[in-house]
Amino acid sequence: MNPGARIVILGKQGAGKGTQAVRLSRHYVVPHVATGDIFRASVRSGSEFGQKAKKYLDAGELVPDEVVIGMVRERLSQSDAMHRGFILDGFPRTVGQAEALMGFLEPEPLDVVINLEIATGEVLGRLASRRVCSDCGANYSVADNPPRVSGICDVCGGDVVQRDDDTESAIRRRLELYERETAPLIEWFEKRSLLATIAGAGAPDEVTDRLVAEVDGRRQLRRS
Ligand code: AMP
């Protein structure tokens, strides 16, 4: 039996987190819990919660901690995540969120926190060519990984579009907030011996191989 996994993936916007998280979720048969995808789905549904979230998303601002923490706690308490584990993508993004996460995961720790590293110079080009499926969240790039049929998702047949927050000003704001709020988490998790920094450059398959080798190595260490 595949034993599942409990993984957090950190990285700058455009590092390839979403793409790699989907691959890891298939490999370890665990749910891919992507807070950005959950917010975008709420915005599309037109719910009151979605309408409130939209103003943060469009401006590239962070949704307040208490809202995100409550949402993730609820998702991780569902049976798939409780039994198999999860890959958390886009959470935590602040030290407050990391503290809350470690609290509600007790007593079972994380396997690893991956810091997917990418040079800042590469990020803007990647974000400009990024496209996502508006239904399932699959990621594409018009530069080097377009859907087989233009505008149609290979995975689910949904519409492949540019994200509303992939505008110049929202990208700039998100990168600023990453440096200010999220980058400190790298040291925070390192101090707790949970961090693994992996190069995000190269072909997606190569990056996935590096990630799987790291996660498997960590799990073996924990079991020994
Ligand atoms: P992402 O798809 O991860 O880039 O997230 C898109 C947007 O959703 C972010 O720019 C924030 O507005 C919001 N968001 C996602 N995750 C979080 C989080 N952990 N904390 C606060 N806001 C978040």
Side-chain angles (χ1 to χ4, degrees), residues 1-37 72 75-76 80-95 97-123 126-127 130 137-139 141 144-145 155 175 178-179 181-224:
M1 189 186 94
N2 173 325
R6 294 156 74 90
I7 306 170
V8 165
I9 186 160
L10 299 175
K12 267 189 211 100
Q13 287 70 16
K17 280 194 311 288
T19 303
Q20 294 300 329
V22 167
R23 287 160 168 250
L24 291 177
S25 109
R26 290 197 190 123
H27 184 89
Y28 292 107
V29 199
V30 292
H32 171 209
V33 178
T35 44
D37 286 351
V72 172
R75 179 63 189 87
L76 296 188
D80 55 351
M82 294 286 275
H83 288 107
R84 302 274 327 147
F86 48 81
I87 165 121
L88 261 179
D89 163 10
F91 183 95
R93 256 177 160 97
T94 64
V95 170
Q97 292 178 15
E99 282 167 347
L101 175 69
M102 298 306 267
F104 59 69
L105 288 183
E106 288 272 329
E108 260 216 72
L110 291 165
D111 290 317
V112 63
V113 175
I114 290 160
N115 171 29
L116 196 60
E117 214 172 37
I118 179 99
T120 306
E122 258 204 60
V123 163
R126 282 196 181 193
L127 291 176
R130 171 160 77 180
N139 274 274
S141 158
D144 51 23
N145 176 33
V155 182
L175 288 170
Y178 174 83
E179 291 304 334
E181 304 287 345
T182 310
L185 289 181
I186 292 169
E187 210 183 303
W188 197 91
F189 281 116
E190 196 157 32
K191 278 196 189 133
R192 288 157 181 79
S193 306
L194 283 169
L195 193 81
T197 294
I198 305 286
D205 284 349
E206 285 167 22
V207 180
T208 309
D209 289 347
R210 279 178 224 146
L211 292 171
V212 168
E214 181 67 41
V215 174
D216 288 352
R218 293 273 171 156
R219 289 199 313 186
Q220 246 166 22
L221 265 181
R222 265 190 51 208
R223 264 186 254 126
S224 60

Verify, without hydrogens or angle tests, whether [X] (side chain) and [Y] (backbone) share a donor-acceptor contact under 3.5 angstrom.
X: R218; Y: D111; value: no
X: R84; Y: Y28; value: yes
X: K17; Y: G11; value: yes
X: R26; Y: V22; value: no

side-chain contact (heavy atoms from CB on, under 4.5 Å) assessment of L101 paired with V8: CA-CA 10 Å; L101 175 69; V8 165; 4.0 Å; yes

Any non-hydrogen side-chain atom of [X] less than 4.5 Å from a side-chain atom of [Y]?
X: R219; Y: P3; answer: yes
X: D205; Y: R23; answer: yes
X: N115; Y: F189; answer: no
X: I118; Y: R126; answer: yes

With E99 via salt bridge (charged side-chain N to carboxylate O under 4.0 Å, His left out) - residues at least two apart: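 With neighbours one apart ignored, the set is empty.
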
For E179, all residues meeting salt bridge (charged side-chain N to carboxylate O under 4.0 Å, His left out), sequence neighbours excluded: none

Closest non-hydrogen atom pair between A21 and I9, with its separation: CB-CG2, 4.3 Å

What's the spacing between [X] [atom1] and [Y] [atom2] if we round to 0.5 Å?
X: Q13; Y: L127; atom1: CD; atom2: CG; answer: 7.0 Å
X: W188; Y: T94; atom1: CH2; atom2: OG1; answer: 10.0 Å
X: D209; Y: H27; atom1: CG; atom2: NE2; answer: 9.5 Å
X: L88; Y: R75; atom1: CG; atom2: CZ; answer: 9.5 Å
X: R130; Y: T19; atom1: CZ; atom2: OG1; answer: 8.5 Å
X: D89; Y: T35; atom1: CG; atom2: OG1; answer: 7.0 Å

Trace of the side-chain contact (heavy atoms from CB on, under 4.5 Å) decision for R93 with L185: CA-CA 8 Å; R93 256 177 160 97; L185 289 181; 5.5 Å; no

Passing option when L211 is tested against I198, V112, D216 for side chain to side chain contact (heavy atoms under 4.5 Å, CB included):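 When side chain to side chain contact (heavy atoms under 4.5 Å, CB included) is applied between L211 and each of I198, V112, D216, only I198 qualifies.
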
Worked check of side-chain contact (heavy atoms from CB on, under 4.5 Å) between L110 and M102: CA-CA 8 Å; L110 291 165; M102 298 306 267; 4.0 Å; yes

Under the side chain to side chain donor-acceptor pair (under 3.5 Å) test, residues paired with N139 that sit two or more places apart: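 Side chain to side chain donor-acceptor pair (under 3.5 Å) list for N139, sorted by chain: empty.
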
Under-4.0 Å salt bridge between E206 and R210: yes

Working for side-chain contact (heavy atoms from CB on, under 4.5 Å), residues L76 and L105: CA-CA 9 Å; L76 296 188; L105 288 183; 4.2 Å; yes

